[in-house]
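As the structure is a computational prediction, the values presented were derived from the model and not from experiment.
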Amino acid sequence: MCELLALNANTPTDMGFSFRGLSRRGGASGEHADGWGLASFTPDGHPDRPSLTLLREEAPAAFSALADQLAERSPKALVSIAHIRKATRGVVALENCHPFSRSWGAQTWVFAHNGDLQGAIPLGDRYRPFGSTDSEAAFCWILEQLDHSGVDSSNAAAVFEQLHHCAAQLAERGTFNALISNGQWLFVTATSRLHWLTRRAPFCKATLADPPLQVDFSALTTSNDVVTILSTEPLTTDEHWQPFQAGESLLLQAGEVIQRSRHGVRPVPISASSQPAATAQTSAS
């Protein structure tokens, strides 16, 4: 399957250090060589509508000149989401690379997923996939549910409850580890492997597992900075990463967990025949 990486902070922060560790797994130390992407929400514009920079390639991140540049100097953002892809089924193509982006509630949203979802995901009229992955189909389905729910996109608590409910339904189809953000906050959910940690004062040194690169965060931060990093697998060897429980969802804002919930995860995906008919999507997270 694929691997995820995300950052949420209370001050614009670059994800270069963590992204370097992730990108090495995109074809060098790992098999996730079927594309990569990085979405960063920078606070240059309106405070309620941060600007989105979205970069994707259908090439291995470990050997990409662009990915290497971003590892050296990624955009300073309040929220960043990265993904390296291993196509379990489906073609290797740019339109199938995560993160995906759509507009809902007068906001820009990005989504990345790790896992396999079985069966045909029902598709509505407003949101349709450009590519052929189950992941993008799930994103479109989620946006349709938000649209039909009538929830206010500016109400973080209400959106969290709706997203958590959607995550529970999608988890019935298989593995649903996902990141969703509008640039103001970050929703994270997991049914299998996902880890997180929060860095705050007093900041210490951290060492990447691959490559063995060390950085002293105390020299790069202030005492007020709070940064939470989420990754499929722990990226550093000398920090305490917390594993997600199966079915756990978090809502983060300004680097802090502001909401948390957990749903029951069925051990066996439900039958696709019990779902509304729709165009089948290949699994290519």
Side-chain angles (χ1 to χ4, degrees), residues 1-9 13-40 55 57 59-77 79-88 97-99 112-115 175 177-179 186 188 190-221 225-246 248 250 252 255 285:
M1 290 190 292
C2 309
E3 290 203 22
L4 301 169
L5 172 66
L7 169 149
N8 180 249
T13 304
D14 78 80
M15 200 167 64
F17 177 72
S18 297
F19 184 71
R20 180 171 295 283
L22 180 76
S23 61
R24 283 285 300 165
R25 298 174 181 176
S29 61
E31 57 184 355
H32 310 84
D34 298 323
W36 63 274
L38 173 64
S40 300
L55 300 168
E57 279 189 320
F63 310 111
S64 165
L66 178 57
D68 191 56
Q69 291 173 21
L70 291 171
E72 287 294 329
R73 193 171 187 176
S74 66
K76 290 196 172 186
V79 178
S80 289
I81 292 176
H83 181 278
I84 51 175
R85 181 174 182 244
K86 181 180 185 298
T88 51
C97 294
H98 309 217
H113 167 235
N114 163 27
T175 304
N177 306 314
L179 310 166
L186 174 67
V188 190
T191 57
S192 58
R193 294 190 65 79
L194 193 61
H195 299 78
W196 66 286
L197 63 81
T198 298
R199 297 179 180 132
R200 64 176 81 241
F203 289 92
C204 304
K205 295 179 180 179
T207 308
L208 285 177
D210 181 43
L213 176 69
Q214 188 176 80
V215 65
D216 184 357
F217 285 112
S218 65
L220 304 172
T221 55
D225 292 354
V226 180
V227 181
T228 293
I229 301 290
L230 304 106
S231 178
T232 298
E233 300 291 346
L235 292 170
T236 56
T237 58
D238 44 10
E239 294 181 289
H240 177 63
W241 291 82
Q242 301 181 59
F244 271 69
Q245 298 181 68
E248 187 174 20
L250 303 182
L252 295 108
S285 300

Quick one: does any side-chain atom of [X] pair with a main-chain N or O of [Y] as donor and acceptor, under 3.5 Å?
{"X": "Ser74", "Y": "Gly16", "result": "yes"}
{"X": "Asn114", "Y": "Leu4", "result": "no"}
{"X": "His195", "Y": "Thr232", "result": "yes"}

**Message:** For Arg199, is there an ion pair with Glu239 - N to carboxylate O distance below 4.0 angstrom?
**Reply:**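 Judged by the 4.0 Å cut-off on N to carboxylate O distance, Glu239 and Arg199 do form a salt bridge.
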
Does the side chain of [Y] come within less than 4.5 Å of [X]'s, by heavy atoms?
{"X": "Leu208", "Y": "Arg24", "value": "no"}
{"X": "Asn8", "Y": "Trp196", "value": "no"}
{"X": "Ile229", "Y": "Leu7", "value": "yes"}
{"X": "Phe244", "Y": "Asn177", "value": "no"}
{"X": "Phe19", "Y": "Ser80", "value": "no"}
{"X": "Leu235", "Y": "Phe17", "value": "no"}
{"X": "Cys97", "Y": "Glu57", "value": "no"}

**Message:** So if I apply the side-chain contact (heavy atoms from CB on, under 4.5 Å) rule between Pro75 and each of Thr13, Asp14, Leu70, which one comes out positive?
**Reply:**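 Of Thr13, Asp14, Leu70, side-chain contact (heavy atoms from CB on, under 4.5 Å) with Pro75 is met by Leu70 alone.
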
Nearest non-hydrogen partners of [X] and [Y], listed with the distance:
{"X": "Gly115", "Y": "His113", "value": "O-CE1, 3.3 Å"}
{"X": "Val226", "Y": "Gly255", "value": "CG1-O, 3.6 Å"}
{"X": "Pro60", "Y": "Trp36", "value": "C-CD1, 4.2 Å"}
{"X": "Leu186", "Y": "Ala6", "value": "CD2-CB, 3.9 Å"}
{"X": "Gly27", "Y": "Phe63", "value": "O-CE1, 3.5 Å"}

**Item:** Worked verdict on Arg20 versus Asp68 for side-chain contact (heavy atoms from CB on, under 4.5 Å)
**Value:** CA-CA 7 Å; Arg20 180 171 295 283; Asp68 191 56; 3.5 Å; yes

**Message:** Under a 3.5 Å threshold, yes or no: a donor from one side chain and an acceptor from the other, between Asp216 and Ser218?
**Reply:**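 Yes, Ser218 and Asp216 have a side-chain donor paired with an acceptor closer than 3.5 Å.
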
**Asked** What class does the angle between the rings of His83 and His98 fall in, given that below 30° is parallel, 30 to 60° is tilted and above 60° is perpendicular?
**Response**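 Ring orientation of His83 relative to His98: parallel.
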
